[in-house]
2 protein chains.
Amino acid sequence: MKLIISNSSNVPIYEQIKNQIIDQILKDDLKEDEALPSIRTLSADIKISVMTIKKAYDELEKEGYIITRQGKGSFVAPKNLELAKEEKKKEIEEHINKIVSISKIYNIDEKEVLDLFKYMFEGES
Amino acid sequence: MKLIISNSSNVPIYEQIKNQIIDQILKDDLKEDEALPSIRTLSADIKISVMTIKKAYDELEKEGYIITRQGKGSFVAPKNLELAKEEKKKEIEEHINKIVSISKIYNIDEKEVLDLFKYMFEGES
DNA sequence: ATACTGTTATATAATCAATATAACAGTTAA
DNA sequence: TTAACTGTTATATTGATTATATAACAGTAT
């Protein structure tokens with residue numbers, strides 16, 4: 001498994017791990033029922049404490065992305081893409097909320113933001 | 001000065017204070033050269049430690065919003081609205097960036113996000 | 001002098017993030 | 001059954017951040 005961890009990031013390491021695994025599951029780089037590396041193996045691989053890996057895996061299980069069984073390991077859960085999508089739409093709404101309130105306070109034009117938006121959407125493939 | 005502080009928020013108190021003062025300066029509720037309440041007065045008013053108020057004021061000075069002089073007090077700095085706007089546009093860009101990357105990973109339609117965007121912009125007066 | 005301003009230093013406490021280590025428990029295959 | 005893997009739990013320690021309290025110090029103004 002390929003993970004890139006930044007120590008200088010303000011995002012906690014366990015969240016970096018969690019987020020990257022979620023992305024890989026959703027991109028189907030990690031397929032349903034596929035085994036994740038064991039927490040000890042991953043810990044050794046990326047030189048991060050076992051407990052930190054466990055915290056990431058625990059949250060992934062709580063959020064329904066993986067299933068963990070003592071003695072066996074962790075496996076990609078059957079995914080409920082629609083549910084995940086709904087969660088993410090809420091996240092998007094929060095971002096938009098912040099954009100709207102900043103724009104109001106600073107008198108930034110709706111059109112200007114909208115154009116920036118369209119530009120950035122098309123910018124990346 | 002009216003400030004609303006939430007103890008249950010995950011946003012630190014000193015940041016809540018800072019953000020609300022910035023908003024008031026930008027809305028011209030606090031005008032150039034106007035005196036802010038002394039850190040001790042504000043501390044007593046809103047029942048927050050002097051040191052926490054000081055931290056908020058220190059950051060406001062670092063960011064150019066106020067000027068503080070020992071023995072005199074703190075005053076609203078001459079504001080450079082264009083500069084502040086530029087800062088805030090960068091913040092908006094970061095939010096859009098996150099929206100775009102979420103949308104790509106989850107295959108959320110650009111149009112769907114755009115519509116949500118327009119709706120939320122018009123939603124509040 | 002007095003009464004305001006802000007400043008600095010110290011100590012304490014709570015929480016979060018990360019680490020290390022050890023002992024415990026389930027699974028599997030030689 | 002033992003060995004070698006899995007994950008689990010508990011404990012302790014470290015460092016950073018946030019917030020508090022208190023006291024002593026320093027500048028300004030009347």
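A, B, ... follow the sequence lines: proteins, then strands. Residue 1 opens every chain.
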B:I53 atom CD1 is separated from D:dA21 atom P, nearest whole Å, by 11 Å
Side-chain heavy atoms of A:K31 within contact of A:V76, under 4.5 Å: no
message: Under the criterion side-chain contact (heavy atoms from CB on, under 4.5 Å), I'd like the reasoning laid out for A:D109 against A:L114: C-alpha separation, chi angles, the key distance, then a yes or no.
response: CA-CA 9 Å; A:D109 225 40; A:L114 222 66; over 6 Å; no
NZ (A:K47) and CD1 (A:I5) are apart, to the nearest 0.5 Å, by 13.0 Å
(Q) Could you check whether any side-chain heavy atom of A:M1 comes within less than 4.5 Å of a side-chain heavy atom of A:Q20, counting everything from C-beta outward? (A) no
In numerical order, the residues of residues 56-74 of chain B whose heavy atoms come under 4.0 Å of DNA chain D are B:Q70, B:G71, B:K72
Against the side chain of A:T52, the closest entry in C:dA18, C:dT7, D:dT20 is C:dA18
Listed pairs, N/O of protein and of nucleotides 11-13 of chain D, under 3.5 Å:
none

Interatomic distance, CD@B:E34 vs CG@B:D29, rounded to 0.5 Å, equals 9.0 Å
A:K54 NZ to C:dA25 C1', in whole Å, measures 13 Å
OP1 or OP2 of C:dA17 under 4.0 Å from side-chain N/O of A:Y14:
yes
In whole angstroms, the gap separating C1' of C:dA18 from CG of A:N7 amounts to 10 Å
CD1 (A:I105) and CG (B:L26) are apart, to the nearest 0.5 Å, by 7.5 Å
- request: Check the surroundings of atom NZ in B:K89: do more than 12 heavy atoms from other residues, nucleotides or ligands lie under 6.0 Å from it?
  value: yes
Could you check whether any side-chain N or O of A:K118 sits under 3.5 Å from a backbone N or O of A:D115, counting only pairs where one atom can act as donor and the other as acceptor? no
So, with a heavy-atom separation below 4.0 Å from DNA chain D, the residues of residues 35-47 of chain A are A:S38, A:I39, A:R40, A:T41
Looking only at heavy atoms, the pair that brings A:Y57 and A:I66 closest together is O-CD1, 3.6 Å
Over all strands shown, is A:K55 touching base, sugar-phosphate only, or nothing at heavy-atom distances under 4.0 angstrom? sugar-phosphate
To the nearest angstrom, the NZ-C1' distance between B:K18 and D:dT18 comes to 14 Å
### Query
Considering residues, nucleotides and ligands other than A:I4, do more than 12 of their heavy atoms fall under 6.0 Å from its CD1?
no
- [ ] Show your working on side-chain contact (heavy atoms from CB on, under 4.5 Å) between B:I46 and B:I53 and close with a plain yes or no.
- [x] CA-CA 10 Å; B:I46 64 176; B:I53 310 288; 4.0 Å; yes
Of B:V50 and B:I13, the one whose nearest nucleotide on DNA chain D sits closer to the 5' end is B:I13
When rounded to whole Å, the CD1 to C1' distance for the pair A:I5 and C:dT19 reads 15 Å
